[in-house]
There are 2 protein chains.
Amino acid sequence: MTASPPSRRKRDGSLRIALVDAGVALLRERGPDKLSLRECAAKAGVSHAAPGYHFKNITGLSTAIAARGFSLFCQAMEQRLATSAPDAAERLSAICQGYLDFATGHPDLFLFIFSGQKFREDDEEFAHYASRSYAILRETCALLIPEGTDPEEIEILVWSLVHGYAHLAMTRKKENPGLGRGWPDFSTLMGHLHKALQASG
Amino acid sequence: MTASPPSRRKRDGSLRIALVDAGVALLRERGPDKLSLRECAAKAGVSHAAPGYHFKNITGLSTAIAARGFSLFCQAMEQRLATSAPDAAERLSAICQGYLDFATGHPDLFLFIFSGQKFREDDEEFAHYASRSYAILRETCALLIPEGTDPEEIEILVWSLVHGYAHLAMTRKKENPGLGRGWPDFSTLMGHLHKALQASG
DNA sequence: ACGATCTGCTTGACACTGTCAAGTTACGCT
DNA sequence: AGCGTAACTTGACAGTGTCAAGCAGATCGT
């Protein structure tokens with residue numbers, strides 16, 4: 001796996017990246033609770049203690065993987081935003097779609113970053129992408145805040161709805177490769193949400 | 001811990017219960033990802049392999065703990081329902097309050113049962129309480145379904161909103177003993193939800 | 001060109017985990 | 001009293017995270 005030339009030493013941090021790659025792959029193959037330093041090492045073709053050098057403990061590796069997760073999460077939302085119509089309602093639909101793209105495309109990673117397990121919040125990369133993901137939501141909501149309403153109220157409303165939908169879909173029965181069998185499409189929920197916002201504004 | 005008379009053998013399944021108690025306590029003390037068969041055994045005062053007899057593997061113990069979790073979950077909702085005004089909107093508010101009572105009262109257990117880890121779905125107790133918790137939601141929503149709307153659409157709408165709110169509150173930063181600092185109260189979200197339902201009905 | 005140094009890894013050890021096989025003990029029954 | 005079996009205990013093994021020590025290749029000063 002990741003078979004680079006013989007086994008030269010890297011001063012460029014490429015093993016660090018390879019280990020995160022291995023971790024992401026491991027999550028996908030074995031599930032969100034089966035991460036293991038030693039198996040990441042094996043997958044990357046290095047000795048069992050090599051990860052300990054780059055991430056001093058398993059929390060460090062988990063944090064790096066979560067950072068990768070949040071980065072992909074942001075990417076998914078931005079991708080949908082990039083091809084969205086410019087009006088506020090469409091942009092809101094777009095980030096929600098991106099949200100669900102990420103959840104269905106990387107269910108393991110999605111559950112992992114929202115597992116409630118503690119990461120190293122002081123990690124720069126992690127903090128960057130985690131806060132950026134919320135910033136995207138916030139900016140998109142900004143245009144839809146009814147006069148005289150606390151913006152956070154709407155942000156949390158939207159976020160709760162899409163997050164709850166995605167998270168329930170991922171945790172309920174594993175026989176849903178996409179979203180739950182027979183579940184209403186998110187667009188119908190989005191319709192109700194818009195009605196609520198119109199009624200408020 | 002749970003110091004019963006000397007160390008007599010029990011034919012009544014009381015060790016099984018003691019082990020689940022120990023597991024629940026362990027989750028609270030050490031976090032949702034730190035469950036251990038051996039430590040549950042120690043906490044219950046039995047040998048390291050005793051849990052293996054009652055739950056054949058750690059998935060078995062996890063399932064029993066999750067069953068306990070869902071049972072408390074149902075209990076929290078029913079308790080709020082019992083003292084609620086009889087009209088549909090109030091009953092809906094009541095189960096949402098119960099939902100949040102459970103999440104804030106047992107954050108570890110809440111994250112555990114919704115961690116996405118797989119349980120033994122064929123376990124009778126687990127299946128009972130898990131499906132019952134959804135049934136409570138369903139029954140409460142039933143009175144609020146607008147004419148000509150798929151009931152599941154409203155159920156998922158409500159469930160997503162309250163679940164997303166609770167789950168985000170639990171996973172975002174651990175310095176929130178209750179719900180996030182400065183977060184809008186759920187009742188405001190509930191207000192928007194009602195507006196949406198009125199606009200639909 | 002060459003030795004010193006430092007960085008990136010390896011090796012080895014330890015305490016801990018889940019799981020299984022085999023042994024032991026106490027309870028209920030006849 | 002004695003037996004059978006349910007409810008454990010004991011012991012072992014492989015796998016885990018973490019740490020200390022060793023070691024070798026890259027880089028630097030000269």
Side-chain angles (χ1 to χ4, degrees), chain A residues 1-23 25-27 29-66 112 115 117-120, chain B residues 1-23 25-27 29-66 112 115 117-120:
Chain A
M1 193 128 281
T2 66
S4 37
S7 87
R8 318 188 116 271
R9 297 242 161 122
K10 359 223 172 188
R11 269 196 135 74
D12 55 354
S14 72
L15 176 55
R16 190 175 225 278
I17 294 173
L19 286 169
V20 174
D21 288 346
L26 200 56
L27 288 186
E29 292 163 19
R30 303 260 242 275
D33 51 331
K34 298 276 185 283
L35 189 65
S36 142
L37 280 175
R38 286 173 108 109
E39 228 173 320
C40 286
K43 236 179 171 49
V46 290
S47 80
H48 71 262
Y53 181 77
H54 292 277
F55 320 96
K56 82 168 197 286
N57 53 26
I58 199 173
T59 305
L61 175 60
S62 294
T63 301
I65 293 174
F112 185 74
S115 65
Q117 103 181 229
K118 59 170 281 175
F119 301 117
R120 292 198 41 210
Chain B
M1 198 128 276
T2 66
S4 36
S7 86
R8 318 186 114 270
R9 256 145 215 219
K10 1 224 171 188
R11 270 189 136 74
D12 55 354
S14 72
L15 177 54
R16 192 175 222 279
I17 294 174
L19 286 169
V20 174
D21 288 346
L26 201 56
L27 287 185
E29 291 163 20
R30 302 260 244 272
D33 50 333
K34 298 276 185 284
L35 190 66
S36 143
L37 279 175
R38 287 173 107 110
E39 232 174 314
C40 286
K43 237 179 169 49
V46 290
S47 80
H48 69 262
Y53 180 77
H54 292 277
F55 319 97
K56 82 167 196 286
N57 53 24
I58 198 172
T59 304
L61 175 59
S62 295
T63 301
I65 292 174
F112 185 73
S115 66
Q117 105 181 228
K118 60 170 282 176
F119 301 118
R120 292 199 42 211

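Here is the naming used below: chain letters follow the sequence lines, and residue numbers restart at 1 for every chain. All of these numbers come straight from a predicted model, not from anything done at the bench. Hydrogens, waters and symmetry mates are skipped; everything else that's a heavy atom, side chains included, is used.
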- Rounded distance (nearest 0.5 Å) linking atom CG of L61(A) with atom SG of C40(A): 5.0 Å
- Message: Expressed as a whole number of angstroms, how long is the span from R16(B):CZ to dC8(D):P?
- Response: 12 Å
- Query: Measuring from L35(A):CG to D33(B):CG, what's the distance to the nearest 0.5 Å?
  - Reply: 11.5 Å
- Query: Atom NZ of K34(A) to atom P of dT17(C): distance rounded to whole Å?
  - Reply: 16 Å
- Message: If we ignore hydrogens and angles and just use 3.5 Å, is the side chain of T63(B) paired with the main-chain N or O of R120(B) as donor and acceptor?
- Response: yes
- Task: Please state how far atom CG in D33(A) lies from atom P in dG15(D), giving the value in whole angstrom units.
- Result: 18 Å
- Query: Over how many whole Å does the gap from K43(B) atom NZ to dT17(C) atom C1' extend?
  - Reply: 17 Å
- Tell me: CG of L37(A) to C1' of dT17(C), nearest whole Å? 15 Å
Quick one: side chains of residues 51-60 of chain B, donor-acceptor pairs under 3.5 Å with protein atoms, not counting sequence neighbours, listed by atom name and distance.
{"from": "N57(B)", "atom 1": "OD1", "to": "T59(B)", "atom 2": "N", "distance (Å)": "3.3"}
{"from": "N57(B)", "atom 1": "OD1", "to": "G60(B)", "atom 2": "N", "distance (Å)": "3.1"}

- Note on the structure: Checking dT9(D), dT16(D), dT10(C) against the side chain of V46(B) (C-beta onward), the nearest is dT9(D)
- Near DNA chain C, under 4.0 Å by heavy atom, which residues of residues 48-59 of chain A? H48(A), A49(A), A50(A), Y53(A), H54(A)
- Query: So do the side chains of S62(B) and Q117(B) get within less than 4.5 Å of each other, counting heavy atoms only?
  - Reply: yes
- Are S36(A) and dG15(D) close enough that a side-chain N or O sits under 4.0 Å from OP1 or OP2? no
- Task: Indicate, yes or no, whether a donor-acceptor pair under 3.5 Å links the base of dG15(D) to the side chain of R38(A).
- Result: no
- Message: With heavy-atom distances below 4.5 Å as the criterion, would you say the side chains of E29(B) and K43(B) are in contact?
- Response: yes
- Whole angstrom is fine here: how far is it from CG in L35(A) over to C1' in dT18(D)? 15 Å
- Distance from D21(A) atom CG to L15(A) atom CG, nearest 0.5 Å? 10.5 Å
- Between dT10(D) and S47(B), is there an OP1 or OP2 to side-chain N/O distance shorter than 4.0 Å? no
- Query: Atom CG of L61(A) to atom P of dT16(D): distance rounded to whole Å?
  - Reply: 13 Å
